[in-house]
Colleague: 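Dumping the structure here so I can ask a few things about it.
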Amino acid sequence: MDEFEILCEAAKNGDVDKVKSLINSGIDVTYFDSNGLTPLMHAAKHGHAAIVKDLLEAGAPWNALSPSNISAGDFAMEAGHQDAFETLLNAGIQSELILGTIARKEKSNSGYGENYLEDRVSFSEDKIMDSDSKAIMMAWEKPLMEAHAKAVCSGGGHILNIGFGMGLVDTAIQQYNPAMHTIVEAHPEVYERMIRNGWGEKDNVKIVFGRWQDVLSQLGTYDGIFFDTYGEYYEDLREFHQHLPALLKPGGIYSFFNGLCGGFRIMSS
Ligand SMILES: C[S@@+](CC[C@H](N)C(=O)[O-])C[C@H]1O[C@@H](n2cnc3c(N)ncnc32)[C@H](O)[C@@H]1O
């Protein structure tokens with residue numbers, strides 16, 4: 001057995017001392033064994049949270065995928081190892097927040113984020129695409145949007161939706177006949193399409209055109225809030241969450257959808 005296989009065995013068996021000593025000797029913790037699994041996946045699968053932590057601190061990639069596209073977090077979740085799962089989830093959130101901040105700085109002049117709002121979008125029956133042919137919204141998301149609508153409308157009252165997209169969630173919200181339904185949308189073409197399709201004429205609908213960040217002062221307090229933007233970062237979602245206490249009425253219901261990290265099932269819904 002070579003030292004990498006020994007590391008995988010130790011991670012699988014919960015041998016903390018062996019793992020630590022191999023880490024201290026400078027072993028490459030990013031290794032994949034002959035089955036395509038990393039030491040981190042072995043530790044996660046067997047619920048050894050302390051080893052998961054040590055491997056993460058030593059630089060093991062939390063988001064590496066097995067040949068069947070399973071991450072260490074998925075392994076821990078599927079085996080019901082809550083501690084290991086939470087350690088991985090926190091590592092994932094932290095690194096995505098940091099990477100998001102870096103990417104945002106690097107790309108602030110390039111063409112993502114706010115620039116998405118200046119790009120053309122194209123609409124078809126079942127999707128909206130940005131100018132890079134990346135899907136902004138697709139019809140398969142309809143059942144998800146219906147479930148979000150059901151949740152945020154369960155207390156009735158005044159509902160806020162941030163991000164109109166294809167209007168799937170707003171169509172579902174309308175079916176609950178809310179007392180008032182406010183929609184914030186920032187993209188000029190999406191907004192124009194909303195108006196063309198009669199959303200501006202509905203008695204219980206108020207459309208606020210602009211980035212949510214810029215129109216907060218026009219918003220009130222709501223019984224249900226849904227958030228699903230595009231071209232934004234974790235940081236934006238986090239920032240939105242900081243405004244939530246002022247936007248959501250006591251007992252109100254909030255839900256959000258965000259692609260976060262598509263390859264990592266535990267963070268993609
Ligand atoms: C993924 S789509 C929303 C899909 C929608 N939930 C549905 O059911 O069809 C995201 C929408 O958010 C809008 N958007 C992006 N950034 C925004 C921002 N900062 N403020 C408001 N809307 C934004 C986009 O133009 C796009 O229409």
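All residue numbers in this chain count up from 1 along the given sequence. In each ligand, atom 1 is the first atom listed, and ligand 1 is the first ligand listed.
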Colleague: Which protein residues have a heavy atom closer than 4.0 Å to any atom of ligand 1, listed by chain and number?
Modeller: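 For ligand 1, the contacting residues are Tyr116, Ile136, Met137, Met145, Gly163, Phe164, Gly165, Met166, Gly167, Leu168, Val169, Glu185, Ala186, His187, Val190, Gly210, Arg211, Trp212, Gln213, Phe226, Asp228, Thr229, Tyr230, Glu232.
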
Colleague: For the residue pair His241 and Tyr254, is the inter-centroid distance of their aromatic rings smaller than 6.0 Å?
Modeller: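 Centroid distance His241-Tyr254: below 6.0 Å, so yes.
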
Colleague: Would you list the pairs meeting salt bridge (Lys or Arg N to Asp or Glu O under 4.0 Å) in which at least one residue belongs to residues 16-42, sequence neighbours left out?
Modeller: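 Every pair satisfying salt bridge (Lys or Arg N to Asp or Glu O under 4.0 Å) with a residue in residues 16-42: Lys20-Asp54.
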
Colleague: Is Arg193 salt-bridged to Glu189, cutoff N-O under 4.0 Å?
Modeller: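 The answer is no: the pair does not qualify as a salt bridge.
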
Colleague: With a sphere of 6.0 Å drawn around NZ of Lys249, does it hold more than 12 non-hydrogen atoms of other residues, nucleotides or ligands?
Modeller: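 Check passes, neighbour count above 12.
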
Colleague: So, Lys150 and Glu146, do they make that salt bridge, N to O below 4.0 Å?
Modeller: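 Looking at Lys150 and Glu146, the cut-off is not met.
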
Colleague: Set out, in order, the CA-CA distance, both residues' side-chain angles and the distance that settles side-chain hydrogen bond (donor to acceptor under 3.5 Å, both in side chains) for Trp62 and Ser95, then state yes or no.
Modeller: CA-CA 9 Å; Trp62 61 271; Ser95 59; 2.7 Å; yes

